[in-house]
Amino acid sequence: MKKILLIAICSVNFIFIDAQKHEFLEPPKFNDADLSKQKSALDENAPAEILYKSLHFSVDYNTGNLIKKAFYRVKIYDKDKAEDWLNLEILFTKAPAATKKRFLK
């Protein structure tokens with residue numbers, strides 16, 4: 001009886017392991033259709049277009065910091081007008097000690 005119960009629990013566990021894939025964290029591969037586009041499908045006058053955007057938030061339990069991982073895939077159509085997309089600003093902030101203590105409690 002114990003063997004059958006163990007086999008049943010293991011089988012159920014193996015079934016649900018595949019359901020927990022984090023495929024949204026892996027960016028899709030380039031395809032020829034995206035690379036060969038000459039204009040945006042949404043706005044013909046757009047200097048750039050976001051093809052793929054993924055944000056992933058996690059908490060470092062040792063320090064209490066919130067970690068944000070961002071991935072953008074941007075297609076530039078007009079380099080002269082797309083200066084905002086060519087110069088991305090990456091923000092880096094560190095929380096004060098009082099905020100960390102309040103967050104960890």
Side-chain angles (χ1 to χ4, degrees):
M1 182 66 183
K2 289 182 182 179
K3 241 185 207 181
I4 295 173
L5 185 61
L6 180 64
I7 291 172
I9 290 173
C10 289
S11 299
V12 170
N13 195 12
F14 286 126
I15 291 170
F16 290 113
I17 286 175
D18 289 340
Q20 297 177 0
K21 291 181 182 176
H22 298 288
E23 293 180 3
F24 64 92
L25 296 177
E26 299 175 12
K29 296 182 179 183
F30 284 107
N31 58 11
D32 294 333
D34 288 338
L35 294 176
S36 63
K37 286 182 5 179
Q38 297 297 324
K39 294 181 181 178
S40 172
L42 301 174
D43 182 13
E44 292 184 1
N45 297 327
E49 179 180 23
I50 298 175
L51 299 177
Y52 179 78
K53 177 181 176 181
S54 175
L55 297 173
H56 178 25
F57 294 93
S58 61
V59 176
D60 183 3
Y61 293 108
N62 295 326
T63 61
N65 292 333
L66 177 68
I67 300 168
K68 176 183 175 184
K69 293 181 182 178
F71 182 85
Y72 293 91
R73 182 171 290 158
V74 179
K75 172 77 173 176
I76 303 292
Y77 299 111
D78 187 4
K79 287 187 274 185
D80 298 331
K81 296 178 183 176
E83 188 170 335
D84 293 339
W85 292 103
L86 295 171
N87 300 323
L88 290 178
E89 182 177 339
I90 300 171
L91 300 176
F92 177 76
T93 59
K94 192 166 186 173
T99 307
K100 283 185 186 179
K101 289 178 185 175
R102 189 171 27 137
F103 178 71
L104 292 175
K105 286 184 180 178

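Numbers here are sequence positions counted from 1. Excluded from the calculations below are hydrogen atoms, water molecules and symmetry mates; all remaining heavy atoms, backbone and side chain alike, are included.
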Using the side-chain contact (heavy atoms from CB on, under 4.5 Å) rule, take Lys68 and Leu55 through it: C-alpha gap first, then chi angles, then the decisive distance, then the call.
CA-CA 7 Å; Lys68 176 183 175 184; Leu55 297 173; 3.6 Å; yes

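- Follow the hydrophobic side-chain contacts under 4.5 Å out from Leu51 and you never reach Phe71; the two are in separate clusters.
- No continuous path of ILVMFWY side-chain contacts below 4.5 Å connects Ile4 to Leu6, so the two sit in separate hydrophobic clusters.
- Closest heavy-atom contact between Ile76 and Ala48: CD1-CB, 3.8 Å.
- The structure places CZ of Phe57 at 6.5 Å from CG of Leu66, a figure rounded to the nearest 0.5 Å.
- A distance of 9.5 Å separates OG of Ser40 from CG of Asn45, quoted to the nearest 0.5 Å.
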Please walk me through it: do Tyr52 and Tyr72 pass side-chain contact (heavy atoms from CB on, under 4.5 Å)?
CA-CA 6 Å; Tyr52 179 78; Tyr72 293 91; over 6 Å; no

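- Using a 4.0 Å cut-off between charged nitrogen and carboxylate oxygen, Lys37 and Glu49 count as a salt-bridge pair.
- Between the Lys75 side chain and the Leu35 main chain, a donor and an acceptor come within less than 3.5 Å of each other.
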Show, in sequence, the C-alpha distance, side-chain angles and deciding distance for Thr63 and Asp60, and conclude whether the side chain to side chain donor-acceptor pair (under 3.5 Å) test is met.
CA-CA 6 Å; Thr63 61; Asp60 183 3; 3.1 Å; yes

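- A 6.0 Å sphere centred on CG of Asn31 holds more than 12 heavy atoms belonging to other residues, nucleotides or ligands.
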